[in-house]
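Below you'll find the structure, written out as structure tokens, and then a few comments.
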Amino acid sequence: MGLNFQQEKMRLARVQKTLTEEVDRLEEETSRRKKEVVHIRKHFWDEVKVNTETFDDYLETIIGLRQEAQALSVTQSIHRHASKRLSTLHRMQDIPYFGRIDFREDGASDVEEIYIGISSLRDDSGENFLIYDWRSPIASVYYDFQPGPAKYAAPGGEVQGELKKKWQYLIRGRELESLFDTSLTIGDEILQEVLGKGTDKQMHSIVATIQQEQNRIIRHDHGRLLVVHGAAGSGKTSAAMQRIAYLLYKYRDRLHADQIILFSPNSMFSSYVSNVLPELGEENMQQVTFQEYLNHRLSKQFQVENPYEQLEYVLTAENTSSYQTRLAGIRLKGSSSFVDAVQSYRRSLEYTGMIFKDITFRGESIITARQIEERFYNQDASLRFPNRLEKLKDWLIKKIKEIQKAERKKPWVQEEIELLSDDAYHEARTFLAEKRGLKREEIAHYEVEPDELGRLIVHQKWMPLRKKIRSFRFIDFKGIYRQFFDDSSQFVKGENTAKWSAICKATQEMLDEDKLFYEDAAPFLFLKELIQGFQTNSSIKHLVVDEAQDYTPFQFEFLKRLFPSARMTVLGDFNQAIFAHANGRVNFDTLTSLYGRDRTEVINLARSYRSTKPIIECTRRLVPNGGEIIPFERAGERPVLKQVVDRVELHSCIVSQIAALQRLGHKSIAIICKSAKESERAYESLACIKDIKLLKSNSATYEQGVVVLPAYLSKGVEFDAVIIYDASENVYGDESLRRIFYTACTRAMHYLQFYSVGEPSPFLRTVLRDGYVQYASI
């Protein structure tokens, strides 16, 4: 039996009336609460009687302060929650709900009508739900079942019943346009419509079109690690973002947005996904790139190469003499075996090899590196390594205190006293007088003893030295890491001796210039942490790592130790593993071994939704295991190849093609090149295109319009139309470039065009032969 369209329109009008009333009520409340917050802040001290004459007066003052602060905190909290709810209700006014299930629980006579939207809404009585939040337990039936027996996990246990009907609603401009009776997970009509739209500057929430396999990811709630391996365009990133929204909803009493970190591939991607959680009424989590974290930890000591500089070298420096050595170094330093090698090296430091720095004051060495080394290795060897370092630190602090006493008699102290300005002298006198417990009126008449002032000056001058010792800066970490590459054959097993020697030489040359290869950054930090103790962050409860195939096993081991209290959601696609460390041996076995198979679940997403069926039929044949990728049934044009004679003809064709694509209504058009070097050349040659933009590795936002960018920066984002700038054998002739070529092609939603200066890439031979790519008509 179908739904009565007119009755559904009337119900929508009633829901919208309730929404409007709730919005009006909350707007009045937030306005009132805001005024209260402003008033309390403005008159905070008027309400508190400050009196410290007696202990009772002091106690009364403290209690008064605490009460006022508590009142302010409560009012601010109410205002914050009301504002957040108001923001969600505003979004709901346009599309209050998108689905409905008719569900009868076992043992019940009535069928319950469950309407599903981005947040819940009750009727005026507050007892009945007009809309259920898509994250509520019963809403999972909508995503997971077809009509028939169904169940869901409720807080009180599993609820079983029968799903009688499932409906979808298409609401636009606050008007009900159509509704569908569907026996599929999500009706193709709505999904087709969503996918058929043009792309936007930002990713949006997908709650109305979540598929069953994506719902598994979103509601997955056991184990330590969830690994999502998905084809390009399979919705893995979208599902991960909805997953965060779900976890924030389910554990709202103990999980907050600032306890979640997303490691994204680049700043542009961070901008692209920044809209998803606010759309669902949740605060954004912390977002950072792994490079930003490395820079935060290392930039004061080293100039650290970034991953795109590393990749640019791999893509453009194949003719240099050091190329093969560098590739070997990248692969070795990212491997699990190198984790073991660094750990073995650190264990060896318990017996020999620690390198220290002289402790100096005013240009003179007061404790030599040799003295520190002797002290360290003469301690009780049965003590744990970190405990030995702590004892060494305590010894150094004690030692400099002794030296500091003798320093007070030195001539430089008297010189410093004489050079004190009036302001500095007054400040010192006030500090010393207050330390003696003098009252305010007595301070002005207080005469400072020269010895007392000398002690203060010496104490302040030695403060940076004490700070340096407490933060282990007397250890020469760079020297220790460099030493690892002197002769580490005992730690690095199975490496070709000649290649290993060359890797060692190149690494040491960089260190001598205070530079670090990207592949050295994680191992250097890992060794440093193994020596001084890990600077762990236990406040982070969940870690999301996107484009996981770009991370090395070493980096994952480092993240695991860095965030010991966090559960992890890791997303990746083997076919897009474009970094040198992944070449030829990409798999997630190292991930499942992070926490063990019993605490790890792997979910595969095979269906691709981003592109039209003809584009997916082409791109899935570009990679060895592409047969596993299932295209979504969405019609479109076959990709096109145009072979040109030279770059003059190439640029003329691209200019014409972009004008044609814009006439067809495509708003985001990407000209994707192999490298940044090629992107810059292309951008200069195509400058005549209005508002064309060049995207670089430091671009902060995802741009619409016509953009030129290297393939590795396009990961994770999508465009209405993609032009592969030069898909020739000359550019994409080497097998090692297959994955980067595939990554570029899979960014296209509606249209994919190849140009080739001369013979096309061998990657295209099969798809050209079998008709999945058509030659452009002359």
Side-chain angles (χ1 to χ4, degrees), residues 1-20 88-103 113-121 129-136 138-147 163-200 202-212 214-215 218 235 238-239 242 245 275-276 279-281 607 609-610 612-613 632-636 665 667 720 749-750:
M1 183 179 153
L3 287 181
N4 184 305
F5 188 77
Q6 202 55 42
Q7 284 180 354
E8 287 299 315
K9 283 188 78 168
M10 288 167 63
R11 184 191 190 275
L12 177 62
R14 289 196 300 274
V15 168
Q16 284 170 330
K17 181 174 179 290
T18 303
L19 272 168
T20 302
T88 302
L89 290 174
H90 277 308
R91 290 190 185 89
M92 289 175 72
Q93 282 184 304
D94 289 332
I95 306 175
Y97 45 85
F98 52 79
R100 167 183 154 183
I101 55 172
D102 294 355
F103 183 78
E113 295 172 358
I114 309 292
Y115 287 79
I116 298 164
I118 63 163
S119 187
S120 58
L121 180 73
F129 278 98
L130 296 173
I131 306 169
Y132 283 81
D133 192 300
W134 67 277
R135 296 165 291 187
S136 62
I138 196 168
S140 66
V141 173
Y142 175 74
Y143 298 112
D144 286 343
F145 292 95
Q146 297 177 12
L163 174 59
K164 306 292 279 184
K165 283 284 187 181
K166 183 157 65 170
W167 307 88
Q168 288 181 280
Y169 295 80
L170 189 55
I171 298 170
R172 270 210 206 95
R174 305 191 183 191
E175 290 289 326
L176 178 62
E177 288 200 351
S178 55
L179 49 91
F180 303 97
D181 175 356
T182 174
S183 60
L184 300 172
T185 307
I186 297 296
D188 279 359
E189 296 93 337
I190 289 183
L191 190 51
Q192 286 275 14
E193 174 161 340
V194 170
L195 296 172
K197 287 179 184 174
T199 185
D200 199 347
Q202 290 178 309
M203 180 184 281
H204 293 281
S205 120
I206 60 163
V207 291
T209 57
I210 291 167
Q211 304 296 287
Q212 187 172 357
Q214 293 168 335
N215 197 41
I218 291 165
S238 297
Q242 321 296 315
N275 197 47
V276 178
E279 261 193 9
L280 297 169
R607 189 176 294 277
Y609 300 95
R610 175 183 294 136
T612 60
K613 186 177 181 182
F632 179 72
E633 292 288 339
R634 184 157 64 89
K667 290 179 182 168
D720 292 338
M749 292 175 67
H750 310 296

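Only heavy atoms go into these numbers, but all of them, side chains included; no hydrogens, no water, no symmetry mates.
- Here CD1 of Ile101 is found 8.5 Å from NZ of Lys166. Values are rounded to the nearest 0.5 Å.
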*Would Tyr169 and Ile95 count as a side-chain contact (heavy atoms from CB on, under 4.5 Å) if you check the C-alpha gap in whole Å, the side-chain angles of each, and the deciding distance to 0.1 Å?*
CA-CA 9 Å; Tyr169 295 80; Ile95 306 175; over 6 Å; no
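- Listed here is the closest heavy atom pair of Arg607 and Phe632: NH1-CA, 4.2 Å.
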*Show the numbers, then the answer: is there a side-chain contact (heavy atoms from CB on, under 4.5 Å) between His750 and Arg634?*
CA-CA 10 Å; His750 310 296; Arg634 184 157 64 89; 3.1 Å; yes
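- Summarising the geometry of Ala245 relative to Arg135, their closest heavy-atom pair is O-NH1, 2.8 Å, with the distance given to 0.1 Å.
- For the pair Asn215 and Ser140, the tightest heavy-atom approach, listed with the atom from each and the gap, is ND2-O, 4.0 Å.
- Every residue two or more places apart in sequence or in another chain that forms a side chain to side chain donor-acceptor pair (under 3.5 Å) with Arg174 is listed here: Asp94.
- In this structure, Phe129 and Ile114 have side chains that are not in contact, with every pair of non-hydrogen atoms separated by 4.5 Å or more.
- Rounding to the nearest 0.5 angstrom, the gap separating the CZ atom in Phe98 from the CD1 atom in Ile116 is 6.0 Å.
- Judged as a side chain to side chain donor-acceptor pair (under 3.5 Å), and not counting sequence neighbours, Lys9 has no contacts.
- Nearest heavy atom pair, residue Ala239 against residue Ile218, reads O-CG1, 3.4 Å.
- To the nearest 0.5 Å, atom CD1 of residue Ile118 and atom CG of residue Leu89 are 9.0 Å apart.
- Here Glu113 pairs with Arg100 under the side chain to side chain donor-acceptor pair (under 3.5 Å) rule; sequence neighbours left out.
- Atoms CG and CZ, from Leu130 and Arg11 in turn, are 5.5 Å apart once rounded to the nearest 0.5 Å.
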*Quick one: do Ser119 and Met92 satisfy side-chain contact (heavy atoms from CB on, under 4.5 Å)? Show the steps, please.*
CA-CA 8 Å; Ser119 187; Met92 289 175 72; 3.7 Å; yes
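- Taking the six-membered ring where tryptophan is involved, the planes of Trp134 and Tyr143 are perpendicular, since the angle between them exceeds 60° and thus also 30°.
- Here the CE atom belonging to Met10 is positioned 9.0 Å from the CG atom belonging to Asn4, to the nearest 0.5 angstrom.
- Here the closest heavy-atom approach between residue Glu8 and residue Leu176 is recorded as CB-CD2, 3.7 Å.
- The residue from Tyr132, Tyr142, Tyr115 that alone fulfils the ring-ring contact (aromatic ring centres under 6.0 Å, His included) condition with Tyr97 is Tyr115.
- Between the CG atom of Leu19 and the CD1 atom of Ile131 there is a distance of 5.5 Å, given to the nearest 0.5 Å.
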